Amino acid sequence: MVRARVPTAACRPCTAREQCTRSNNKSDMGRRITLRPRAEQEVIQQARAQEGTPEWKEQYAHRAGGEGTISQRVRAFGLRRCRYHGLAKARLLHQITATAMDFHRLDAWWADPLEARTRTSHLAALRPAHWLRQTCVRQRPGPAISPMS
């Protein structure tokens, strides 16, 4: 792999600079490019082409759910680093945090509306109000909880 860098002095006066660089900062270090061996570059291009297929998107959808869970654990519940030393305490922390996440998600599922309120189009604004209430209001089904006797 070869990494090349064009100095700022050579890059700044170029008329095609807006087409070749993605940097927003005009005073950066110039253009940087990585040249890989042909075989490696072809594999990367093939993988990027597969990202557009429906099969790949369906497979990635499963991973996206897991990535969202990990992100929530790190951002909302502070699990980037463990607070305790020792495997038993660390395991307990993770189990308690997972339980807290479950309760947090259940609360959001029960309390939040199904869809965010969005802008009403001009055509939808012409509909009668009673028709909108009958067709647009959907309720999320709750969990099956049996009444206590």
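As the structure is a prediction and not an experimental result, all values here were calculated from the model.
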Open item on the list: Tell me which pairs pass side chain to side chain donor-acceptor pair (under 3.5 Å) where either residue lies in residues 95-105, with sequence neighbours left out.
Closed with: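 Every side chain to side chain donor-acceptor pair (under 3.5 Å) pair that includes a residue of residues 95-105, provided the two are not neighbours, is Thr69-Arg105, Gln72-Arg105.
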- [ ] Heavy atoms only: give me the nearest Lys57-Gly52 pair and the separation to one decimal.
- [x]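 Reported closest heavy-atom pair: CE-O, 3.9 Å.
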Task: Shortest non-hydrogen separation from Arg3 to Met1 and the atoms involved - done: NH2-SD, 3.9 Å
Using 0.5 Å steps for rounding, measure from the [atom1] atom of [X] to the [atom2] atom of [Y].
X     : Y     : atom1 : atom2 : answer
Gln41 : Gln46 : CD    : CD    : 12.5 Å
Arg38 : Glu42 : CZ    : CD    : 6.0 Å
Ile70 : Arg80 : CD1   : CZ    : 11.0 Å
Leu79 : Ser71 : CG    : OG    : 12.0 Å
Trp56 : Glu51 : CH2   : CD    : 4.5 Å
Glu40 : Thr34 : CD    : OG1   : 10.0 Å

Open item on the list: Within a 6.0 Å radius of atom OH on Tyr84, are there more than 12 heavy atoms belonging to other residues, nucleotides or ligands?
Closed with: no
Open item on the list: Would you say CD of Gln59 has more than 12 non-hydrogen atoms from neighbouring residues, nucleotides or ligands within 6.0 angstrom?
Closed with: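 No.
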Open item on the list: Within the 4.5 Å heavy-atom criterion, are Phe103 and Asp107 side-chain neighbours or not?
Closed with: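 Of all side-chain heavy-atom pairs linking Asp107 with Phe103, none is under 4.5 Å.
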TODO: Decide whether Ile33 and Val2 are clustered together by the hydrophobic rule: side chain heavy atoms of Ile, Leu, Val, Met, Phe, Trp, Tyr closer than 4.5 Å, transitively.
DONE: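 Yes, it is one cluster - the side chains of Ile33 and Val2 are joined through contacts under 4.5 Å.
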